[in-house]
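Here the structure is laid out as structure tokens; the discussion comes afterwards.
Proteins come first, then strands; the chains are lettered A, B, ... in the order of their sequence lines, and each starts at number 1. Only a predicted model underlies this, so the values are computations on that prediction, with no experimental measurement involved.
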Amino acid sequence: MTEFTGSVRVRFAPSPTGYLHIGGVRTALFNWLFARHHGGQFILRIEDTDEKRYVPGAADDLMASLRWVGIEWDEGPDIGGPHAPYVQSLRHEAGIYRPFVEQLLENGHAYFSFTTEEELEQLKADALARGVKAFRFRGPEREWPLERQRELAATGRPYTVRLKTPTTGVTAFRDLVRGGDRIEVKNEELYDIVLLKSTGMPLYHLAHLVDDHLMEITHVLRSDEWVASTPYHVLLYQAFGWDPPLFAHLPPILRQDGRGKLSKRKDDVSANRFWERGYLPDAMFNYLALQGWSFDGYTEIMTRAEIVERFSLERVQPSPARWNPEKLLDMNGIYIRRLSTEEVADAIAPYLVRAGFISDPPGDAERAYLLQLTPLIHERLKELGEAPDLLAFFFRDVTYDDPALLIPKKLDAATTAGALRAVRERLLLLEPWDHARLEEELRALGEELALKPGQLFGTIRVAITGRTVAPPLFDTLVALGKQRVLHRLAVAAATLAPATGEHR
RNA sequence: GGCCCCAUCGUCUAGCGGCCUAGGACGCCACCCUCUCAAGGUGGAGAUCGCGGGUUCGAAUCCCGCUGGGGUCACCA
């Protein structure tokens, strides 16, 4: 029963209520992987039947996020397809849903409900007050003849249309993530869900299901939070006389502290945020694939092609995964290190532009300089967004907010200033200005001054970069250029000992 | 609270009855390399497989109960 032969068609159906967060990307990714693995189609559909929560621009943003990680769709809002349109509000306007509501009304599986939201709330409050453990609403009209329902509706009285759920028996479905195990619910636990709102707009339950059927969706892979409503969907398929798709409920991604699932409000996990901070699409793709799925327990770094080839629902874990930004960060570093110098330079350029270090677009000279600087920070980068900070001293004058940092262990200010001046002196006429010559001269000078390499190089580092942690010294000196190095050495020495050595 | 789902190192996971005195990765701690930081290398700490019963010659692996965690109970998706 978990085997499926035929053309696979899956969909990702987000609602445009805000930015797409990482959990949504994961759901989309698993659908995409499943489709690609089976050579099927992946469809994107926008579920915007909730006018109240609609956020303008959210659909475009969400599509951009998906494309960023490399998830492209075969049919969707912007590219169309055989079942267009792929936006539910448009489908509603086209009158797609209403006939299906009529069908259920006619075959007795749905009914007009005239209970208002306020009345419903009151009924619920009363029931709970009476000690009812769970309020299961079923409207009185479900027993009325359809004609009477229609007559009342015709008077202009607001109504919703509800599904007439059975009160006895059980409803069950199988879940592919749980090895095809049955999940069963007693029908008495159910209530009559709304299919059509009083505004005439279909509710998610109805709209998504009609669309899935019309679009010939074969597998529904969605987040775990949907299992509770799946029995209603199964009942709906039965009411229509349609074959339901196969279900697979993906484990939720829990918050870092394990308390609850990720949420847009409490957690900074919008896909955009990672894009901005400089996460590579490949790294995000790889990390997310491992949130709930694993290949063999050993192999973690895999190409997209390998993941597509290896992906299977049988290896999707039913238990929740937990959001682990440190692992993502590590993986991003791995992917960055695998890039070429040119690729990294291109990738960090926008960040340097934003920091005001280079022009937009970078000129030839800037690009050449960037290519020279990139190797210095390449393997130190974990997020591309760190680049401006790591390279700041190449583009801005340095300041010594804490001059004490210039002074190496076991040395005093005067000696350090003297050493820095000696360095400056030594480098003044150095030719050529390259790594080998610089290292040669400075090591020799260190010995002459009876300073350990760590002491001398450390103070030079702070003098020219303004910080204790920086890229390797000699490459930095070369990239900085003689003039700036000499200048900074002088400034640093003067900062430690204002007078130039002449006492009084 | 009702109902549903889940349960192996701090985290992600391997394990689908004997190969497990439980393997890998992130993180953490040492050491090596070394001009700092990274990267890389080596090693280490870290899980009585949530607890209790069964089944079996034999259970992390199967069954039951308990506990814990999560989800869901909308005219939201």
5' priority, RNA chain B, between A/Leu290 and A/Ala13 [closest heavy atom]: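 The residue whose closest nucleotide sits nearer the 5' end is A/Leu290.
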Could you pick out which residue, A/Gly297 or A/Arg178, lies toward the 5' side of RNA chain B when each is mapped onto its nearest nucleotide? A/Arg178
Hydrogens and angles aside, do A/Thr165 and A/Arg138 bring a side-chain donor and acceptor to less than 3.5 Å of each other?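 Yes - a donor-acceptor pair under 3.5 Å links their side chains.
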Does one side chain, of A/Ser89 or A/Asp48, offer a donor that lies under 3.5 Å from an acceptor on the other? yes
Quick one: which of [options] gets closest to the side chain of [X]?
X: A/Ala228; options: B/C75, B/G2, B/U72; result: B/U72
X: A/Tyr204; options: B/C12, B/A7, B/A77; result: B/A77
X: A/Leu473; options: B/C6, B/C26, B/C35; result: B/C35
X: A/Val185; options: B/A14, B/C4, B/C37; result: B/C4
X: A/Val469; options: B/C3, B/A39, B/C37; result: B/C37
X: A/Lys261; options: B/U72, B/C35, B/A39; result: B/U72
X: A/Lys197; options: B/A77, B/G2, B/C12; result: B/A77
X: A/Ala321; options: B/A14, B/C12, B/G2; result: B/C12
X: A/Thr116; options: B/C75, B/C6, B/C35; result: B/C75
X: A/Tyr191; options: B/C75, B/C4, B/A74; result: B/A74

How many whole angstroms separate atom [atom1] of [X] from atom [atom2] of [N]?
X: A/Trp323; N: B/U13; atom1: CH2; atom2: C1'; value: 17 Å
X: A/Glu300; N: B/C12; atom1: CD; atom2: C1'; value: 7 Å
X: A/Arg322; N: B/C26; atom1: CZ; atom2: C1'; value: 14 Å

Ring centre gap for A/Phe311 and A/Phe30 strictly below 6.0 Å: yes
Examine [N]: is either OP1 or OP2 under 4.0 Å from a nitrogen or oxygen in the side chain of [X]? Give yes or no.
X: A/Lys124; N: B/A74; answer: yes
X: A/Arg162; N: B/C75; answer: yes
X: A/Arg315; N: B/G15; answer: yes

Determine whether A/Val210 and A/Leu236 make a side-chain contact, defined as any pair of heavy atoms from C-beta on separated by less than 4.5 Å.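 Not in contact.
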Distance between P atoms of B/G24 and B/G52 (Å, rounded): 27 Å
Looking only at atom P, what distance separates B/U8 and B/U61, rounded to whole Å?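 Those two atoms are separated by 12 Å.
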Under 3.5 Å on both distances, the Watson-Crick or G-U partner of [N]:
N: B/C20; value: none
N: B/G46; value: none
N: B/A39; value: none
N: B/A7; value: B/U67
N: B/U72; value: B/G2

Check: A/Arg91 side chain, A/Ile96 main-chain N or O, donor-acceptor pair, under 3.5 Å: no
Answer yes when A/Arg150 and A/Glu141 have at least one side-chain N-carboxylate O distance shorter than 4.0 Å, and no when they do not. no
Does the B/C75 base have a donor-acceptor partner in the side chain of A/Ser198 within less than 3.5 Å?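 Yes.
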